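Remember, it's 1-based here, ligands and their atoms both numbered in the order they're listed. Each residue takes its place number in the sequence, starting with 1. As the structure is a computational prediction, the values presented were derived from the model and not from experiment. What's counted below: heavy atoms across the whole structure, side chains too, no hydrogens, waters or symmetry copies.
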Amino acid sequence: MRNIEHFIGGRSVAGTSGRHGDVFDPNAGRVQARVALADAAELDRAVASAVDGQRVWAQVNPQRRARVLFEFKRLLERDMDTLARLLSSEHGKVLSDARGDLQRGLEVIEFSCGIPHLLKGEYTQGAGPGIDVFSARQPLGVVAGITPFNFPAMIPMWMFGPAIASGNAFILKPSERDPSVPVRLAELMLEAGLPEGVLNVVHGDKDVVEAILAHPLIKAVSFVGSSDIAQQVYARGAAHGKRMQCMGGAKNHGIVLPDADIDHVISDLMGAAYGSAGERCMALPVVVPVGEETAERLRARLVEAIGELRVGTSFDADAHYGPVVTAAHKARIEGYIQAGVDEGAELVVDGRGFTMPGHEQGFFLKPCLFDRVTPEMRTYREEIFGPVLQIVRADSFEQALELPSRHQYGNGVTIFTRNGDAAREFAERVEVGMVGINVPIPVPVAYHGFGGWKRSGFGDLNQYGMDGVRFYTRTKIVTQRWPRGGASAHDFTMPTMQ
Ligand code: NAD
């Protein structure tokens with residue numbers, strides 16, 4: 001059986017804790033590799049290596065640091081197909097989607113290549129007599145990132161791109177469910193010219209996360225995962241005096257006004273609800289048609305479109321989506337489907353009980369559609385994270401606006417309409433962090449920033465964009481005077497601008 005080891009100090013390091021996790025092949029439904037699970041002593045080794053690496057790296061000027069990222073981009077593009085296959089083989093998403101995962105991460109690397117400009121501070125000449133003031137962004141030192149299973153390439157790059165470009169060393173603790181691509185990314189950074197120890201990958205579960213949160217030499221931690229864990233991690237890291245940003249789960253709504261272009265809505269909803277088997281934090285698992293007529297039209301068209309969806313293995317070029325990540329996750333989704341039925345929602349399309357010929361043990365689930373879901377239902381309030389779309393009918397624009405605004409999650413939301421006034425008002429008033437107007441998955445481009453509101457995000461700064469640079473740097477402000485002539489008289493008053 002293949003072993004997936006840590007990557008510390010520029011080389012593969014076998015686990016010593018004696019603990020391992022199973023990595024599945026979701027298409028075949030069996031264990032394909034074992035991943036080492038680190039303990040605190042192994043983390044210590046990675047941190048020691050990161051401290052040494054950072055000392056060297058911080059002395060490299062920003063333009064040279066950017067060159068390493070330019071080269072990494074070239075190498076990643078060279079290896080795109082191999083990486084996409086590796087990613088699909090552990091996650092289960094189809095190859096075209098795995099390429100998208102890599103590409104969206106690469107876009108943050110491209111943004112980070114602008115680091116010489118992004119790190120520039122501010123300068124005031126003549127703030128007082130002979131006094132100039134300037135600010136500079138300095139790296140924090142050693143920082144860490146803890147990432148979820150659903151984007152094993154993109155989310156690590158969201159984090160280590162700006163962190164490393166800013167002069168930090170980075171410890172990545174990827175999801176133990178699909179850990180191979182993160183290791184390959186670290187190997188490619190080394191090949192691109194990154195000094196040893198600047199990017200380390202330490203695998204593990206909650207034990208090593210605890211150790212990261214308590215480690216005195218780790219200055220900041222970025223986390224992406226489910227909300228309960230995000231909230232706990234945020235609180236524990238902050239209690240240890242660390243800078244924290246923790247992104248959580250989601251329940252994104254797609255509002256459909258009566259004037260929306262229904263053909264576009266249907267094709268957008270298919271991809272956004274069922275793409276990647278619904279395992280995206282920016283998926284659209286809830287659709288809110290406004291008015292009975294819109295609801296009936298939408299439902300009929302959804303049933304028709306779902307009938308044409310093709311579930312296949314990750315390597316089937318015609319498949320729209322592949323298996324979910326593990327048997328445990330499949331069982332959890334099925335549990336939610338049954339709960340929806342039990343609490344009175346109408347299961348219009350039931351995707352359970354499907355086996356893929358030739359892959360009978362694979363973790364496949366066909367698409368499900370629920371209608372007449374109401375805000376009180378548990379299956380509406382909680383995140384399902386599978387190929388399940390719920391219709392929640394609304395009578396009015398106000399009611400449709402209230403649903404995502406009152407929901408515990410506030411990651412993304414989309415409104416489909418031809419009415420500019422309504423769209424503008426919706427975008428202004430809705431209590432959600434990322435809004436799409438006729439855009440089903442409004443993940444912001446790399447030079448903006450990604451972050452949800454309410455229980456979808458804990459902390460003040462978003463992922464990537466300028467917030468990414470702010471998160472991984474601290475500002476130093478220097479006030480300088482070069483006196484001309486002799487010393488002046490002692491002055492015991494507080495210096496002011498009077
Ligand atoms: P998860 O919360 O199970 O795991 C995330 C990370 O936390 C992993 O690295 C895991 O090893 C670690 N972890 C697991 N249990 C822990 C514990 N008890 N204590 C400390 N650390 C622990 O999430 P997942 O299932 O890997 O990913 C799916 C979730 O991530 C969904 O809720 C999804 O919405 C969310 N997500 C959010 C965003 C965002 O940016 N808001 C992006 C992608 C995914």
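Side-chain contact between His448 and Asn462 is absent, with no heavy atoms from C-beta onward closer than 4.5 Å. In this structure the side chain of Ile333 reaches within 4.5 angstrom of the side chain of Ile384, judged on heavy atoms.
When the heavy-atom distances from atom 25 (O) of ligand 1 to Arg177, Arg455, His329, Gln463 are ranked, the shortest goes to Arg177. Relative to atom 6 (C) of ligand 1, the option among Leu37, Thr147, Ile229 with the closest non-hydrogen atom is Thr147. Atom 41 (N) of ligand 1 has its nearest heavy-atom neighbour, among Gly451, Gly248, Gly457, Cys281, in Gly248. With distances taken over non-hydrogen atoms, the option nearest atom 35 (C) of ligand 1 out of Pro148, Gly225, Cys246, Pro152 is Gly225.
Ring orientation note: the planes of Phe160 and Phe72 are nearly perpendicular, at an angle over 60° on the 30°/60° scale. Using a 30° and 60° split on the angle between ring planes, Tyr234 and Phe458 fall in the tilted class, from 30° to 60°.
For the pair Asn150 and ligand 1, the shortest N or O to N or O distance does not fall below 3.5 Å. Taking any N or O of Glu176, backbone or side chain, at least one lies under 3.5 Å from an N or O belonging to ligand 1. Of the polar atoms of Ser227, none of the N or O atoms is found under 3.5 Å from an N or O of ligand 1, judged by distance alone. Polar contact with ligand 1: present for Lys173 (N/O pair, distance under 3.5 Å). Backbone and side-chain nitrogen or oxygen atoms of Phe149 are examined, and one is located within less than 3.5 angstrom of a nitrogen or oxygen of ligand 1.
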Next item on the list: List the steps, then state whether salt bridge (charged side-chain N to carboxylate O under 4.0 Å, His left out) holds for Glu210 with Lys206.
Entry: CA-CA 6 Å; Glu210 282 296 317; Lys206 65 176 179 10; over 6 Å; no
Note to self: Run the side-chain contact (heavy atoms from CB on, under 4.5 Å) test on Arg243 and Lys219 for me, step by step, so that the C-alpha distance in whole Å, both residues' side-chain angles and the decisive distance to 0.1 Å come before the verdict.
What the structure shows: CA-CA 7 Å; Arg243 187 179 288 188; Lys219 303 297 178 198; over 6 Å; no
Next item on the list: Please report the C-alpha distance between Asp97 and Arg280 in whole Å, then the side-chain angles of each, then the deciding distance to 0.1 Å, and finally whether the salt bridge (charged side-chain N to carboxylate O under 4.0 Å, His left out) criterion is met.
Entry: CA-CA 11 Å; Asp97 201 28; Arg280 289 183 184 138; 2.9 Å; yes
Next item on the list: Evaluate the criterion salt bridge (charged side-chain N to carboxylate O under 4.0 Å, His left out) for residue pair Asp350 and Lys366; output intermediate values, then yes/no.
Entry: CA-CA 8 Å; Asp350 186 355; Lys366 281 206 151 185; over 6 Å; no
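Residue-ligand proximity, Ile146 to ligand 1, at heavy-atom distances under 4.0 Å covers atoms 6 (C), 7 (O), 9 (O). Close contacts of ligand 1 with Met247, meaning ligand atoms under 4.0 Å from a residue heavy atom, involve 39 (C), 40 (O), 41 (N). For ligand 1, the atoms sitting less than 4.0 Å from at least one non-hydrogen atom of Gly249 are 32 (O), 34 (O), numbered in the order shown with element in parentheses. Residue contact check: Glu383 has heavy atoms under 4.0 Å from atoms 31 (C), 32 (O), 33 (C), 34 (O) of ligand 1. Atoms of ligand 1 lying under 4.0 Å from at least one heavy atom of Ser226, given by number and element, are 1 (P), 2 (O), 23 (O), 29 (C), 30 (O), 32 (O). Near Asn411, the atoms of ligand 1 lying under 4.0 angstrom from a non-hydrogen atom of the residue are 41 (N). With ligand atoms numbered from 1 in the order given, ligand 1 contributes 20 (C), 21 (N) to contacts under 4.0 Å with heavy atoms of Val209.
At least one protein heavy atom sits closer than 4.0 Å to atom 3 (O) of ligand 1.
Salt bridge annotation for Arg381-Glu343: absent, with no cationic side-chain nitrogen under 4.0 angstrom from a carboxylate oxygen. Salt-bridge check for Arg184 with Glu187: passed, with a basic side-chain N closer than 4.0 Å to an acidic carboxylate O.
Looking only at heavy atoms of the protein, atom 17 (C) of ligand 1 is closest to Lys206 CB, 3.4 Å. In terms of protein heavy atoms, atom 40 (O) of ligand 1 is closest to Phe450 CE2, 3.0 Å. Counting only heavy atoms of the protein, atom 7 (O) of ligand 1 lies nearest to Phe223 CE1, 3.3 Å.
The shell of residues lying under 4.0 angstrom from ligand 1, judged by heavy atoms, includes Phe385. A heavy-atom separation below 4.0 Å is found between Ile155 and ligand 1.
Under the 6.0 Å cut-off for aromatic ring centres, Tyr380 and His407 qualify, their centroids lying closer than that.
Geometrically, Lys93 engages Phe151 in a cation-pi contact defined by less than 6.0 Å to the ring centre and at most 45° from the axis.
A donor-acceptor pair shorter than 3.5 Å cannot be found between the side chains of Thr313 and Asn27.
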